[in-house]
Amino acid sequence: PPPPPPPPPPPPYALAVAMSAMLAAAALIGVELWNPLPPHFVFGLQSCWQAYNECLAKRPRLTSAITSSLLSALANRIGTGELSMFTAHFAVWGVIVSLCSSTWVSLLRALFEGRRSRVLVVEKVVVDQLVSVPFFTFLFPVVHGLLQGVEPAVIYEKLYATFAQSCCKAWRFWTPVAVCSYSLVPPQMTVVFFSAAGFVWNIFLTLMHSLKSA
């Protein structure tokens, strides 16, 4: 009888998950395993990351604003599949969000400076979410509406109809992000971390807008 056919190879995502688990386990136990990236590529990434951290330390607001602007524009490009005036609007939105977030994070840090509590992270998350989510939920349609030339009365009607629902959706996403930020992320990287999370959130907003327009 002919030999049995060889088993099918594992799907690519299974190999990726297995490799990620292996590298994560190696990092946890402190054992260096095979690195899938070429050494010169790793060195280049490390050099770029070091240069970025130096810029972040010297000019935190400017570096965070540029990062947020680029990520917001890229999120819109991915969500719509094309470059348009909306991409520029999202780039402007990224700058505004970064500047507001930098100010808010500084205020929040000053508010809780020197405070000792077993539930300090919970307190920070609650205060942050009760202030930042309603504020940015209000600011998003206002900024984008004005950039598109929408009448203020139309913006107000949209806010009145969707504000509560939009806040509930935002809390589902941003509450876990805030927990990770205030418990795991270094303070100097907080705004950048929020910008990276905003990249995912802006893709969601773009897709939702595209579906409503369709």
Side-chain angles (χ1 to χ4, degrees), residues 48-111 124 127-152 154-156 158-159 162-163 166-167 169-171 173-178 180-182 185-210 212-213:
C48 292
W49 180 245
Q50 183 178 359
Y52 179 80
N53 281 323
E54 291 176 359
C55 293
L56 194 62
K58 293 179 181 178
R59 294 176 177 156
R61 287 181 179 268
L62 178 61
T63 305
S64 299
I66 294 174
T67 302
S68 179
S69 178
L70 293 175
L71 288 176
S72 295
L74 180 60
N76 179 263
R77 171 65 177 82
I78 293 174
T80 60
E82 61 182 5
L83 291 174
S84 64
M85 187 58 66
F86 289 108
T87 308
H89 293 171
F90 268 85
V92 174
W93 168 248
V95 174
I96 296 174
V97 167
S98 176
L99 295 177
C100 293
S101 296
S102 298
T103 302
W104 169 240
V105 168
S106 299
L107 290 174
L108 195 65
R109 193 174 297 145
L111 178 65
K124 284 185 177 181
V127 174
D128 174 77
Q129 293 298 288
L130 289 178
V131 175
S132 63
V133 166
F135 174 75
F136 286 115
T137 301
F138 167 82
L139 193 63
F140 181 83
V142 171
V143 170
H144 283 269
L146 293 177
L147 288 174
Q148 297 171 31
V150 180
E151 293 292 332
V154 178
I155 297 175
Y156 172 78
K158 182 178 180 181
L159 274 171
T162 63
F163 182 77
S166 298
C167 282
K169 290 180 179 179
W171 275 318
F173 177 84
W174 286 106
T175 300
V177 171
C180 293
S181 175
Y182 295 123
V185 179
Q188 69 274 14
M189 297 295 294
T190 300
V191 177
V192 176
F193 178 76
F194 279 125
S195 297
F199 170 73
V200 179
W201 180 245
N202 284 328
I203 292 177
F204 170 76
L205 292 178
T206 302
L207 291 174
M208 291 298 295
H209 178 76
S210 300
K212 289 181 180 179
S213 300

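What you are looking at is a predicted structure, and each value in this text was computed from that prediction instead of being measured.
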Inset, instruction - Check whether any side-chain heavy atom of H89 sits under 4.5 Å from a side-chain heavy atom of N76, and report yes or no. - result: no
Legend entry - Residue pair L107 / L111, side-chain heavy-atom distance below 4.5 Å: no
Inset, instruction - Could you check if a side-chain atom of T67 sits within less than 4.5 angstrom of a side-chain atom of V191, using non-hydrogen atoms only? - result: no
Legend entry - Full working for side chain to side chain contact (heavy atoms under 4.5 Å, CB included) between V185 and V192: CA-CA 10 Å; V185 179; V192 176; over 6 Å; no
Inset, instruction - Measure the OG1-CD distance between T190 and Q188 for me, rounded to the nearest 0.5 Å. - result: 7.5 Å
Legend entry - Under 3.5 Å donor-acceptor, S68 side chain and A65 backbone: no
Legend entry - Any Y182 side-chain heavy atom under 4.5 Å of L108 side chain: yes
Legend entry - Check: S166 side chain, T137 main-chain N or O, donor-acceptor pair, under 3.5 Å: no
Legend entry - Validation row: S101, F136 side chains within 4.5 angstrom (heavy atoms): yes
Legend entry - For C55 against T63, the heavy-atom pair lying closest together: O-OG1, 3.1 Å
Legend entry - Under 3.5 Å: donor-acceptor pair, side chain of T87, backbone of S84: yes
Legend entry - Candidate pair T103 and R61, rule side chain to side chain contact (heavy atoms under 4.5 Å, CB included), full reasoning: CA-CA 9 Å; T103 302; R61 287 181 179 268; 3.5 Å; yes
Inset, instruction - Might you confirm whether atom CZ of F163 has over 12 heavy atoms from other residues, nucleotides or ligands at distances under 6.0 Å? - result: yes
Legend entry - P134 and W171, any side-chain heavy atoms less than 4.5 Å apart: yes
Inset, instruction - Kindly check if the number of other-residue, nucleotide or ligand heavy atoms within 6.0 Å of CD (E151) is above 12? - result: no
Legend entry - Reported CG-to-OG distance for the pair L139 and S132, which is rounded to 0.5 angstrom: 12.0 Å
Legend entry - Minimum heavy-atom distance between T162 and K158, given as atom pair plus value: OG1-O, 2.7 Å
Inset, instruction - Step through it carefully: locate the ring centre of F90, locate the ring centre of W93, and say whether they are under 6.0 Å apart. - result: no
Inset, instruction - Check whether more than 12 heavy atoms from other residues, nucleotides or ligands sit under 6.0 Å from atom OH of Y52, and answer yes or no. - result: yes
Inset, instruction - Supply the atom-to-atom distance C180 SG to F193 CZ, rounded to the nearest 0.5 angstrom. - result: 5.0 Å
Inset, instruction - Look only at the side chain of S106 and the backbone of S102, and say whether a donor-acceptor pair between them is shorter than 3.5 Å. - result: yes
Legend entry - Spatial distance of atom SG (C48) from atom CG (N53) [nearest 0.5 Å]: 11.5 Å
Legend entry - N/O donor-acceptor pair under 3.5 Å between S181 side chain and V177 backbone: no
Inset, instruction - List the atom of A178, the atom of D128, and the distance in Å for their closest heavy-atom pair. - result: CB-OD2, 3.9 Å
Inset, instruction - Determine the minimum heavy-atom distance between V95 and S69, stating which atoms define it. - result: CG2-CB, 3.6 Å
Legend entry - Donor-acceptor pair, side chain of N202 and main chain of G198, under 3.5 angstrom: yes
Legend entry - Side-chain heavy-atom pair W104, V131 within 4.5 angstrom cut-off: yes
Legend entry - Residue R59 excluded, over 12 heavy atoms near CZ under 6.0 Å: no
Inset, instruction - Indicate the ring-plane relationship of H144 and F140, choosing parallel, tilted or perpendicular according to the 30° and 60° boundaries. - result: tilted
Inset, instruction - Could you tell me which non-hydrogen atom of L56 sits nearest to which non-hydrogen atom of S64, and how far apart they are? - result: CD1-OG, 3.6 Å
Legend entry - Close side-chain approach of I78 to F199, heavy-atom, < 4.5 Å: yes
